[in-house]
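The next block holds one structure in the form of structure tokens; read it before the comments.
As the structure is a computational prediction, the values presented were derived from the model and not from experiment. Sequence positions, counted from 1, serve as the residue numbers for this chain.
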Amino acid sequence: MTRPISELTYKIVAFPEIQQVDTNESIDWALEMMELGYESPTLHMLASFNKPTNYFEVIDYVTDTIKELGLEMKSGDDAVLSYASYYVYQISKGENVRDNLTELYKFCQMRDYEDLVYDFYLLYWAWDDLDYEDNEYNHYWDGARRANIEKIVVDEARKWVEKNKKHYAQHSI
């Protein structure tokens with residue numbers, strides 16, 4: 001039988017490759033994993049840290065916990081897909097669409113316009129244009145208008161999740 005994992009796992013397993021991973025989130029992750037019934041000595045230690053965390057004090061616990069739980073650290077494109085999937089999955093569920101899209105936009109920029117998430121970069125600018133322009137036209141996403149931009153973003157997120165799920169899926173252990 002498999003158990004679900006915390007959605008933050010997608011970000012946490014990408015930390016060696018993706019510098020944007022916040023070690024404060026590793027504390028939230030540890031607590032969520034414990035709530036889901038996971039046990040490990042380093043998981044308990046990690047959950048006991050106070051925020052704000054010090055990267056150098058916490059990172060070995062994160063690494064050891066990932067190993068103890070039998071999770072796989074991600075690198076290269078797999079790390080990018082895993083990290084981005086956290087935000088894309090939230091969008092696909094319609095949760096905080098604009099905020100999560102903004103995080104993907106920033107991530108794409110920091111990764112030198114990462115191809116794997118570039119469509120979300122374009123969608124961010126399309127939405128931005130539609131917010132601040134008097135007309136209904138934008139240069140970034142064909143067919144996007146004020147009335148449908150959020151639906152387009154959610155639909156594109158769902159397509160992305162379906163297309164990429166085999167690369168990052170760790171829905172359960």
Inset, instruction - Check the surroundings of atom CG in D142: do more than 12 heavy atoms from other residues, nucleotides or ligands lie under 6.0 Å from it? - result: no

Legend entry - Residues in side-chain hydrogen bond (donor to acceptor under 3.5 Å, both in side chains) contact with E17, at least two apart in sequence or another chain: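 side-chain hydrogen bond (donor to acceptor under 3.5 Å, both in side chains) check on E17 returns nothing, list empty.
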
Legend entry - Partner set under side-chain hydrogen bond (donor to acceptor under 3.5 Å, both in side chains) for Y105, not counting sequence neighbours: Q109

Legend entry - Value rounded to 0.5 Å, distance of OG in S6 from CD1 in I12: 8.0 Å

Legend entry - T53 and T23: side chain donor to acceptor below 3.5 Å: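 T53 vs T23: donor-acceptor pair found between side chains.
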
Legend entry - By side-chain contact (heavy atoms from CB on, under 4.5 Å) - contacts of K106 (at least two apart): T102, E103, M110

Legend entry - N/O donor-acceptor pair under 3.5 Å between N100 side chain and N96 backbone: yes

Inset, instruction - Answer yes if the ring centres of Y10 and Y89 are under 6.0 angstrom apart, and no otherwise. - result: no

Legend entry - Check: Y121 ring centre within less than 6.0 Å of Y113 ring centre: yes

Inset, instruction - For I149 and A144, work out which heavy atoms get closest and say how close. - result: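 Looking at all heavy atoms of both residues, the closest pair is CD1-CB, 3.7 Å.
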
Legend entry - Charged N-O contact under 4.0 Å between D22 and K11: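 Between K11 and D22 there is no salt bridge, as every charged N stays at least 4.0 Å from the carboxylate O atoms.
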
Legend entry - Sidechain N-carboxylate O distance under 4.0 Å for D155, K151: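 Looking at K151 together with D155, the answer is yes, because their closest N to O distance falls below 4.0 Å.
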
